[in-house]
Amino acid sequence: MNNFTYDIPVKVYFGENQLGNLGEELKKYGKRVLLTYGGGSIKKIGLYDKIVAEIKNAGLELFELSGIEPNPRITSVNEGAEICKKEKIDVLLAVGGGSTIDATKFIGAGAYYDGDAWDILTGKTPVTNCLPIITVLTLSATGSEMDAGGVISNLDTKDKIGYIHPMLLPKVSFLDPTNTYTVSPYQTACGAVDIMSHIIEVYFNMNQDLYMLDTAAEGFMKTVIKYAPIAMKEPENYEARANLMWTSSWAINGFINGGKRQAWSCHPMEHELSAYYDITHGLGLAILTPRWMEYTLDETTVSKFYQFGCNVFGIDKDMEPMAVAKKSIAMLSDFFFNTLGLKSTFTEIGIDQDNFSIMAKKACGGSVLPGFKALKQQDIENIFKMCL
Ligand code: NZQ
Ligand code: ZN
């Protein structure tokens with residue numbers, strides 16, 4: 001096992017009726033609170049009123065930024081950063097899914113930068129500081145509630161860029177599964193795929209000495225496979241929503257990385273799809289992942305697929321490794337496209353070949369996408385074609 005540093009200092013309040021702690025937590029960081037949220041789902045589910053009541057009861061001053069888009073735009077980030085500067089905001093409160101939380105991270109960093117926050121995403125300027133962030137999660141998917149990353153879109157340049165910095169980690173996250181009862185079956189499915197993908201990006205690695213982490217990852221994947229269909233059919237099933245929620249956080253909070261050092265593969269490819277076609281992140285991952293698996297499966301990687309097939313899908317260990325590997329990909333496809341009911345091709349979601357070349361070039365940074373298997377531009381174009 002390689003050396004690694006384990007440091008995930010996010011305080012989590014998990015479960016129902018924990019919002020009573022919100023005021024006390026916010027107060028630790030100051031008086032002036034900027035509440036950030038998306039297109040209004042938090043009002044429909046009654047969460048907005050509860051949050052505002054907690055803030056008022058704590059004697060804090062409330063400012064708001066609403067309308068943060070799915071695939072959040074840099075324009076919203078800059079708008080939020082301006083409010084922080086003008087109103088001398090002390091603490092940020094992000095209430096929503098990954099998009100709201102991601103945007104809030106760069107609002108917090110942008111508040112300390114006199115310029116376009118896009119410069120942070122492109123690496124033109126470093127993160128020097130970040131306002132403290134508290135989150136109330138309403139959708140189990142990205143893990144942004146417990147990780148140090150975020151992904152922002154720029155419509156002008158057709159870029160969607162991810163960025164990670166320890167200062168962006170939320171201080172506190174409130175994870176109440178009942179806040180996800182209203183998430184649609186479609187968004188539940190996309191969230192489930194995103195969680196699966198975060199695990200797959202790390203699990204598919206040829207390191208041989210990580211039994212403990214591999215076993216944890218397999219348990220997390222089995223949790224998603226078990227509970228996502230239940231949450232879709234029974235939106236108010238607490239057990240299902242709770243298991244998905246906690247898995248979403250642990251899939252990407254750094255724990256399963258341990259000593260694994262490997263770049264991700266499907267995410268950089270998917271971010272290009274979202275950048276060019278504004279599709280839901282999890283949907284893009286669902287279409288890409290089985291094709292990426294088919295493309296990377298060969299004699300050098302078959303052992304990992306064999307492990308995946310046997311331990312996650314319970315395929316007979318006595319079958320030939322290559323047969324197990326192929327069956328595991330078929331079973332994952334069946335889970336994504338039949339059980340979760342997601343569309344299975346680019347064609348069905350209106351993506352054609354027109355931008356494959358430029359998207360592939362951007363995904364590999366013009367050279368190579370290192371990962372489970374190194375992918376050059378042509379490899380990525382080939383994978384995109386398999387998705388048509
Ligand atoms: O905007 P509102 O009205 O809130 O509606 C949202 C949005 O339309 C709705 N929603 C959220 N909670 C709900 C709800 N509807 C009903 N009831 C609720 N309780 O769901 C829609 C999608 O929300 P969004 O926040 O966009 O979804 P998600 O959490 O999947 O976030 C996706 C974004 O996160 C990025 C993705 O690329 C994408 O931009 N990612 C962030 C990562 C990270 N920070 O580490 C890693 C991921 O790989 C991912 O790239
Ligand atoms: Zn993701």
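Counting starts at 1 for both ligands and their atoms, following the listed order.
Here Tyr277 and Phe346 keep their ring centres 6.0 angstrom or further from each other. Side-chain rings of Phe220 and Trp250 stay apart, their centers remaining 6.0 Å or farther from each other.
With rounding to the nearest 0.5 angstrom, the CD atom of Glu201 is 5.5 Å from the OG atom of Ser265.
Salt bridge annotation for Asp116-Lys124: absent, with no cationic side-chain nitrogen under 4.0 angstrom from a carboxylate oxygen. With respect to Glu82 and Lys85, a salt bridge is recorded, a charged nitrogen being found less than 4.0 Å from a carboxylate O. Contact check on Asp214 versus Lys304 returns a salt bridge, with a Lys/Arg side-chain nitrogen under 4.0 Å from an Asp/Glu carboxylate oxygen.
Hydrophobic cluster membership for Val172: Tyr13, Leu19, Leu22, Leu26, Tyr29, Val33, Leu35, Tyr37, Ile42, Ile45, Leu47, Tyr48, Ile51, Val52, Ile55, Leu60, Leu62, Val91, Leu93, Val95, Ile134, Val136, Phe174 (Ile, Leu, Val, Met, Phe, Trp, Tyr linked by side-chain heavy atoms under 4.5 Å, directly or transitively).
Within 4.0 Å of ligand 1, counting heavy atoms only, the contacting residues are Gly38, Gly39, Gly40, Ser41, Ile45, Pro70, Asn71, Pro72, Gly97, Gly98, Ser99, Asp102, Thr138, Leu139, Ala141, Thr142, Ser144, Asp147, Gly149, Gly150, Val151, Lys160, Asn179, Thr182, Val183, Gln187, Asp194, His198, Ile252, His267, His271, His281.
The aromatic rings of Phe106 and Tyr163 sit perpendicular to each other, their planes meeting at more than 60°, with 30° as the lower class boundary.
Near the Zn ion (ligand 2), less than 2.8 Å away, sit the protein N, O or S atoms Asp194 OD1, His198 NE2, His267 NE2, His281 NE2.
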Return all side-chain donor-acceptor pairs below 3.5 angstrom for residues 319-336, not counting sequence neighbours, or 'none' if the list is empty.
unit_1, atom_1, unit_2, atom_2, d
Ser328, OG, Ala325, O, 2.6
Ser333, OG, Ile329, O, 3.0
Asp334, OD1, Asn338, ND2, 2.6

